[in-house]
K.L.:
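For reference, the structure I am asking about is given below.
Because only heavy atoms are used, hydrogens play no part in the values below, and waters and symmetry mates are left out as well, while side chains stay in. None of the values given here were measured: they were computed from a predicted structure.
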Amino acid sequence: MRVPEMTIGGAAAPAKGTFDVYAPATGEVLARPPECTPDQVEDVMTAMTDAFPGWARADRGPTLLAAADALEARAEEVADVVAQELGAQRAQAAFQVTGLAGFFRYYADLELPREVLKDDGQALVEVVRRPVGPVVAIPPWNGPLYMAGMKVAPALAAGNPVVLKPSPFTPLSSLLVGEILREVFPPGVLNVVSGGASLGGLLTAHPVPRKISFTGSVATGQKVAMAAAADLKRVTLELGGNDAAVLLDDIDVAEVAASLFRAGFHNCGQVCVAPKRVFAPASRYDDLVDALSALARAAKVGGPGEEGVTVGPVQNAAQLAHVEALAADAAAKGAVLSAGGGRVDRPGYFFAPAIVSGAVEGMRVVDEEQFGPLMPVIRYDDLEDAIRRANATPYGLGASAWSADVDRAVAVADRLEAGQVWVNTHFATLGPPQPVVGTKHSGLGVEKGHWGLASFTDVRVRYVTR
Ligand code: NAD
């Protein structure tokens, strides 16, 4: 695969070293992208510093629209790269590209908030927003361009230069996006760099950036927050989740199983807001496990380009090892993996999707985020107890409640500790206007929507006497 160079200061930055990226569908080296050196990090910081004053004053909307056009014009090519690096099917890969372009379009038109506190003969007092300054954008590997879009587009729209650092597992599509947009943005406004484990730390510790927008695990989010504390950079952290889906006793089992399966195994379960702990009443438990297991058995596991695939590979070897360890721990503690639950006998990081019945707290598959094709189903006798157990986690990203009676489900959903709650669905989104937010250890700050735009600004008071 051709590997685009990094984009620094509006130009291609020649590689001074490389690292290996593996294809999830084969387990073989897919490409060797550039490893950004500390000197090149300095070049990025100089470029952002130089670009900031001009970009902050520019009429930015048309440039953002031009970025969306440029991406859409080469959407096929970018989607191909996403499919290979993520191991995803075509439609899912294409969504990463249209999603990124959609963020540019949405933020191109969105006005920054402005509030007039006083406007009379004595004074005009306004609260306005100013761009915060150079931004470091660090997304995870599970949705490389969509996650980049919810950071990069509002950061740029608010008037900040950005350096995008994709995950070392999926850097290729972002490098290509950088190349495509080189001609669109003024030099230094959008920089894209790639590198291994140490690059994120170099960028977040550097004194030039004034904001870090990070999506990833809780453990890395804590490191980012500590790096930011040194010079009080602003941070937005979108972190892990262990979403509960609380099912009530009046559900239509077949319908709910189909929805839960779709939500839980989309992107091979590698979704921050996937249902990760299903709480089912004892009276419906066996039927639900049977229905989910039938869906898991019927799923077609395969790689990009294969016909009829519903579940792709796990994205990387470490994540596959994590999923295997959780499955083994659950089995050792008495759970039953009702369908699949092991590696598929072929090259690549394929794991047969499994429903984990007899799952209880104390099993890793319940207590930890699986982020893979495993769905634990937990039996409950008493709804109050289910709500308490659903909330008994440090995570608070998403949660859902399911019932034939919407009012009953809303009443339960309102008691679940999560940044977003759904009723009779899970992880549905309106796209760019709908914010994403985590409570407890799942995050700090808000992304997407007008809240996301405001998060790349500082509040500024302007008091004009008359
Ligand atoms: P990760 O924390 O391992 O890595 C995320 C990013 O941080 C990568 O780009 C990585 O290179 C970078 N990084 C690593 N060390 C760093 C450091 N010291 N400083 C700065 N950056 C550093 O997470 P991951 O495995 O890529 O992604 C999976 C996790 O992301 C899961 O926990 C998932 O729930 C979470 N996630 C959350 C959301 C959300 O919106 N809340 C969305 C998607 C994924």
Side-chain angles (χ1 to χ4, degrees), residues 2-13 47-48 51-52 54-86 88 90-112 131 135 137 139 143-166 170-194 213 429-434 447-450 452-453 456:
R2 180 181 79 86
V3 181
E5 290 180 298
M6 298 185 294
T7 298
I8 300 177
M48 290 200 293
F52 182 36
W55 184 242
R57 286 195 310 273
D59 177 17
R60 299 181 292 270
T63 311
L64 266 69
L65 292 176
D69 291 343
L71 288 170
E72 282 163 0
R74 290 178 62 186
E76 290 283 308
E77 185 187 346
V78 185
D80 269 347
V81 176
V82 175
Q84 297 304 314
E85 69 180 356
L86 190 56
R90 188 71 202 178
Q92 198 190 332
F95 172 74
Q96 290 293 316
V97 192
T98 52
L100 171 59
F103 278 113
F104 279 119
R105 286 201 190 289
Y106 172 74
Y107 283 108
D109 296 335
L110 204 62
E111 296 276 315
L112 281 167
V135 169
L145 296 185
Y146 191 81
M147 301 284 168
M150 68 174 77
K151 302 174 182 308
V152 169
L156 292 171
N160 309 291
V162 174
V163 55
L164 168 64
K165 188 214 79 70
T170 53
L172 305 168
S173 55
S174 294
L175 289 169
L176 180 54
V177 165
E179 182 184 274
I180 291 170
L181 299 183
R182 250 174 236 161
E183 302 303 317
V184 174
F185 289 101
V189 167
L190 176 60
N191 306 275
V192 183
V193 297
S194 56
S213 178
T429 176
L430 302 174
Q434 179 177 316
E447 281 196 299
K448 298 174 64 194
H450 62 77
L453 181 64
F456 288 102

K.L.:
Holding to side chain to side chain donor-acceptor pair (under 3.5 Å), I want the full list of residues that pass it with Lys165, two or more places apart in sequence or in another chain.
P.N.:
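Expected list: none.
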K.L.:
A side-chain contact here means heavy atoms from C-beta on lying under 4.5 Å apart; do Phe52 and Pro131 qualify?
P.N.:
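A side-chain contact under 4.5 Å exists here.
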K.L.:
Any idea which heavy atoms bring Asp59 and Thr63 closest together, and the distance?
P.N.:
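Where Asp59 meets Thr63 most closely, the heavy atoms are O-OG1, 4.0 Å.
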K.L.:
Return the set of residues passing side-chain contact (heavy atoms from CB on, under 4.5 Å) with Ala47 (not counting sequence neighbours), or none when no residue passes.
P.N.:
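Per chain and number, Ala47 pairs via side-chain contact (heavy atoms from CB on, under 4.5 Å) with Asn191.
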K.L.:
Would you mind listing every ring pair (Phe, Tyr, Trp, His ring centres under 6.0 Å) that reaches into residues 59-81, with sequence neighbours excluded?
P.N.:
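Pairs touching residues 59-81 that pass the test: none.
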K.L.:
Working to the nearest 0.5 Å, report the span between CG of Leu71 and CD1 of Ile180.
P.N.:
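So the CG of Leu71 and the CD1 of Ile180 are separated by 6.0 Å.
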K.L.:
Between Leu65 and Phe104, is the side chain to side chain contact (heavy atoms under 4.5 Å, CB included) condition met? List the steps.
P.N.:
CA-CA 6 Å; Leu65 292 176; Phe104 279 119; over 6 Å; no
K.L.:
At their closest point, which heavy atom of Gly10 faces which heavy atom of Arg182, and how far apart are they?
P.N.:
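Of all heavy-atom pairs spanning Gly10 and Arg182, the closest is O-CG, 3.6 Å.
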K.L.:
Tell me the closest heavy-atom pair linking Glu5 and Ala13, and the distance in Å.
P.N.:
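Scanning both residues, the minimum pair turns out to be CB-O, 3.7 Å.
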K.L.:
Check side-chain contact (heavy atoms from CB on, under 4.5 Å) between Tyr106 and all other residues, then give those that pass, not counting sequence neighbours.
P.N.:
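By the side-chain contact (heavy atoms from CB on, under 4.5 Å) rule, Tyr106 matches Leu110, Pro432, Pro433.
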K.L.:
CG/Leu453 to CG/Leu156 distance, rounded to the nearest 0.5 angstrom?
P.N.:
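These two atoms lie 11.0 Å from each other.
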K.L.:
Identify the heavy atoms of Ala148 and Pro139 that sit nearest to each other, and give their distance.
P.N.:
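Result for this residue pair: N-CB, 4.1 Å.
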K.L.:
What's the separation between atom OG1 in Thr170 and atom CG in Leu175, rounded to the nearest 0.5 Å?
P.N.:
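Interatomic distance, Thr170 OG1 to Leu175 CG, rounded to 0.5 Å: 10.0 Å.
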K.L.:
I'd like to check the side-chain contact (heavy atoms from CB on, under 4.5 Å) partners of Ala137; sequence neighbours left out, ordered by chain and number.
P.N.:
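In terms of side-chain contact (heavy atoms from CB on, under 4.5 Å), with neighbours along the sequence ignored, Ala137 is linked to Lys151, Val152, Val162, Leu164.
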K.L.:
Going from CG on Leu172 to CG on Asp80, what distance comes out if it is rounded to the nearest 0.5 angstrom?
P.N.:
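So the gap between those two atoms works out to 12.5 Å.
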K.L.:
Kindly write out the residues that satisfy side chain to side chain donor-acceptor pair (under 3.5 Å) with Ser174, not counting sequence neighbours, or none if the list is empty.
P.N.:
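Ser174: no side chain to side chain donor-acceptor pair (under 3.5 Å) contacts found.
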K.L.:
Within the distance-only criterion (no hydrogens, no angle test), does the side chain of Arg60 pair as donor or acceptor with the backbone N or O of Trp55 below 3.5 angstrom?
P.N.:
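At least one qualifying donor-acceptor pair exists.
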K.L.:
Which heavy-atom pair separates Val82 from Ser173 by the least distance, and what is that distance?
P.N.:
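Smallest interatomic distance, heavy atoms only, reads CG2-CB, 3.6 Å.
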K.L.:
For Ala11, give me all partners under side-chain contact (heavy atoms from CB on, under 4.5 Å), at least two apart in sequence or on another chain.
P.N.:
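Counting only residues at least two positions away or on another chain, Ala11 forms no side-chain contact (heavy atoms from CB on, under 4.5 Å).
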K.L.:
Does the side chain of Val177 come within less than 4.5 Å of Val78's, by heavy atoms?
P.N.:
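Counting from C-beta outward, Val78 and Val177 do come under 4.5 Å.
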K.L.:
Applying salt bridge (charged side-chain N to carboxylate O under 4.0 Å, His left out), can you list everything that pairs with Arg105, at least two apart in sequence or on another chain?
P.N.:
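Partners of Arg105 under the salt bridge (charged side-chain N to carboxylate O under 4.0 Å, His left out) test: Asp69, Glu72.
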K.L.:
Taking ring pair (Phe, Tyr, Trp, His ring centres under 6.0 Å) as the definition, give me every residue that meets it alongside Tyr107, ordered by chain and number, with sequence neighbours left out.
P.N.:
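Ring pair (Phe, Tyr, Trp, His ring centres under 6.0 Å) check on Tyr107 returns nothing, list empty.
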K.L.:
Mind checking what makes salt bridge (charged side-chain N to carboxylate O under 4.0 Å, His left out) contact with Glu179, not counting sequence neighbours?
P.N.:
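In terms of salt bridge (charged side-chain N to carboxylate O under 4.0 Å, His left out), with neighbours along the sequence ignored, Glu179 is linked to Arg2, Arg74.
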K.L.:
So, taking the atom named CD in Glu77 and the one named CG in Leu176, what distance separates them when rounded to the nearest 0.5 Å?
P.N.:
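One gets 5.0 Å once the value is rounded to the nearest 0.5 Å.
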K.L.:
Which heavy atom in Pro187 sits nearest to a heavy atom in Gly9, and how many Å separate them?
P.N.:
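In this case the closest contact between Pro187 and Gly9 is CB-O, 3.4 Å.
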K.L.:
Can you list the residues that meet the side chain to side chain donor-acceptor pair (under 3.5 Å) rule with Ser194, with sequence neighbours excluded?
P.N.:
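For Ser194, no residue satisfies side chain to side chain donor-acceptor pair (under 3.5 Å) once neighbours in sequence are set aside.
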K.L.:
Side-chain polar contacts of residues 95-103 - donor-acceptor pairs under 3.5 angstrom, sequence neighbours left out - could you list them?
P.N.:
from	atom 1	to	atom 2	distance (Å)
Gln96	OE1	Leu145	N	3.0
Gln96	OE1	Tyr146	N	2.8
Thr98	OG1	Ala94	O	3.2
Thr98	OG1	Phe95	O	3.3

